[in-house]
Engineer: 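Take a look at the following structure, please.
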There are 2 protein chains.
Amino acid sequence: MDITARKKPEPSDKTTRIQEANRRVILDAALDVFSAYGFRGTTIDQIAEKASMSKPNLLYYFKRKQDIYVSVLEETLEAWLQPLHDLDPAGNPIEELRRYISKKLQMSALKPEASRLFANEILHGAPAIQTFLKTVLKKLVDEKAAVIRQWVSDGRLAPIDPYHLIFMIWATTQHYSDFDVQIRAVLGNQVDKPGFNDQVSQAVLSLILNGVKVRQV
Amino acid sequence: MDITARKKPEPSDKTTRIQEANRRVILDAALDVFSAYGFRGTTIDQIAEKASMSKPNLLYYFKRKQDIYVSVLEETLEAWLQPLHDLDPAGNPIEELRRYISKKLQMSALKPEASRLFANEILHGAPAIQTFLKTVLKKLVDEKAAVIRQWVSDGRLAPIDPYHLIFMIWATTQHYSDFDVQIRAVLGNQVDKPGFNDQVSQAVLSLILNGVKVRQV
DNA sequence: GTCTATAAGAGGATAGAC
DNA sequence: GTCTATCCTCTTATAGAC
């Protein structure tokens, strides 16, 4: 089941255009359903219906339910880490963090299903992406934590533990999509009004950036 | 399934000591299993085994799987909101927030299963606590948001939207239990070392409190 | 590639003896 | 109150016709 145990499709694995299109439809449907109900809570029937396809037909493209799940996760993970990749050691610290946070918020708002799929996987012990977290993710975070640490020791950021800063950025930027129903229960329909996302950005950015700005004494 | 649709046990519902003890064992086991695997991912057999009880015997105490789930949630919710209840309008704003955040962090660290059970329920649309969120939770948050807003307009806190402040406190304080495996993948076994929880407290408190402290100009 | 039919098994829930 | 045995539904996955 673990993601890293699967090989990536080779260029030699020729797929026709109709195959690609059908896989695309299935994966899109699967993201919706898996993120809403979790792995066990999702039935192949649900995915098939959403993909307007019969169950056996769907299983022609993905032999097992797990294969669909892992494929959806794989697709999501790459994109999910891109913003952190882009954190530039040569840039202005505050501006780099602002860009990172904004990008994360934007992605969560645009694809809340992806955020929830990921949250659910981790919440339940990350059975499918355990190795990925310990290798790819850890390596990237270590690398970017070093960048932030350097900024701090150069006096360009207030003293803060870089790992905890990264965790808190993750927590706050994904909270609005992962806990959407709770936010809605409290705030009502104002979350669907035009300015809401900007309001969230403003709140999250000001809180975190205020916390890391160097104070003039 | 919704929590508020169920009546609370009356004093007239006499239960023997052994009944109470067995229900206690079941609910403790159920919290562990439900929080680890979710509602659908959990089997009655798993709970029964953890409670050292046969499945039919367990079903003698709770007729249906849903009943166990709802009971566990009920127990958890009350305790979960207590710290917010305790936010005192008459207290010192920074100290009140510090106490609130510390208490939330402490509870998450002490009962990560409860945090994850709650997170999972909300992540999947809160089918069992929808009404609770829209009534009890909303009322409490509205009330405490008004308190924080007053502190701000009295100039005792930096200008910040009280709702978003509360959401960010929730996000950051529960992140370390909900996303535990991700934290572990990145930080390794240092999360089990003695000082780790203090380190987390320090990071979370300094970031958030710095963001709300009034700056002297 | 897509369908109908169905095998195979897991898991929730109950019957009824003790 | 607790157990063994069992029913029955739901769901994954496959067989085989078209």
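Per chain, numbering begins at 1; letters A, B, ... match sequence-line order.
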Engineer: For chain A and DNA chain C, what are the first and last nucleotides along the strand, 5' to 3', with at least one atom under 4.0 angstrom from a heavy atom of the protein chain?
Structural biologist: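 The contacted stretch runs from C/dG1 to C/dG11.
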Engineer: What residues, two or more places apart in sequence or in another chain, satisfy side-chain contact (heavy atoms from CB on, under 4.5 Å) together with B/Ile169?
Structural biologist: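 So B/Ile169 forms a side-chain contact (heavy atoms from CB on, under 4.5 Å) with B/Leu97, B/Tyr100, B/Ile101, B/Leu165, B/Thr173, B/Ile208.
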Engineer: Please state how far atom NZ in B/Lys55 lies from atom P in D/dC7, giving the value in whole angstrom units.
Structural biologist: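 Taking NZ of B/Lys55 and P of D/dC7, I get 14 Å after rounding.
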Engineer: Could you pull out all residues at least two apart from B/Asn197 that satisfy side chain to side chain donor-acceptor pair (under 3.5 Å)?
Structural biologist: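 Once residues adjacent in sequence are excluded, B/Asn197 has no partner under the side chain to side chain donor-acceptor pair (under 3.5 Å) criterion.
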Engineer: I'd like to know if the side chain of B/Asn22 pairs up with that of B/Tyr60 as donor and acceptor (distance under 3.5 Å, no hydrogens or angles considered).
Structural biologist: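 Side chains of B/Asn22 and B/Tyr60: no pair found under 3.5 Å.
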Engineer: Atom CG of A/Asp67 to atom C1' of D/dA13: distance rounded to whole Å?
Structural biologist: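 For the pair A/Asp67 CG and D/dA13 C1', the rounded distance is 12 Å.
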Engineer: Contact between B/Phe34 and B/Arg116 at the side-chain level, heavy atoms closer than 4.5 Å - yes or no?
Structural biologist: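 No. Closest side-chain heavy atoms not under 4.5 Å.
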Engineer: What residues from residues 36-51 of chain A pass a heavy-atom cutoff of under 4.0 Å to DNA chain D?
Structural biologist: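 Result for residues 36-51 of chain A: A/Thr42, A/Thr43, A/Ile44, sorted by number.
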Engineer: Given side chains that start at C-beta, do those of B/Val200 and B/Val204 come closer than 4.5 Å, heavy atoms only?
Structural biologist: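 B/Val200 reaches B/Val204 side chain to side chain.
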Engineer: By ring pair (Phe, Tyr, Trp, His ring centres under 6.0 Å), which residues pair with B/Phe179, not counting sequence neighbours?
Structural biologist: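 For B/Phe179, the residues satisfying ring pair (Phe, Tyr, Trp, His ring centres under 6.0 Å) (neighbours in sequence not counted) are B/His175.
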Engineer: Just do the salt bridge (Lys or Arg N to Asp or Glu O under 4.0 Å) check on B/Asp142 and B/Lys139 with the steps written out, would you?
Structural biologist: CA-CA 5 Å; B/Asp142 281 342; B/Lys139 186 168 172 295; over 6 Å; no
Engineer: I need the CG-C1' distance between B/Leu59 and D/dT4, as an integer number of Å.
Structural biologist: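 B/Leu59 atom CG is separated from D/dT4 atom C1' by 14 Å.
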Engineer: Tell me every residue that passes side-chain contact (heavy atoms from CB on, under 4.5 Å) with A/Gln106, counting only those two or more places apart in sequence or in another chain.
Structural biologist: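 Checked A/Gln106 against side-chain contact (heavy atoms from CB on, under 4.5 Å); matches are A/Lys103.
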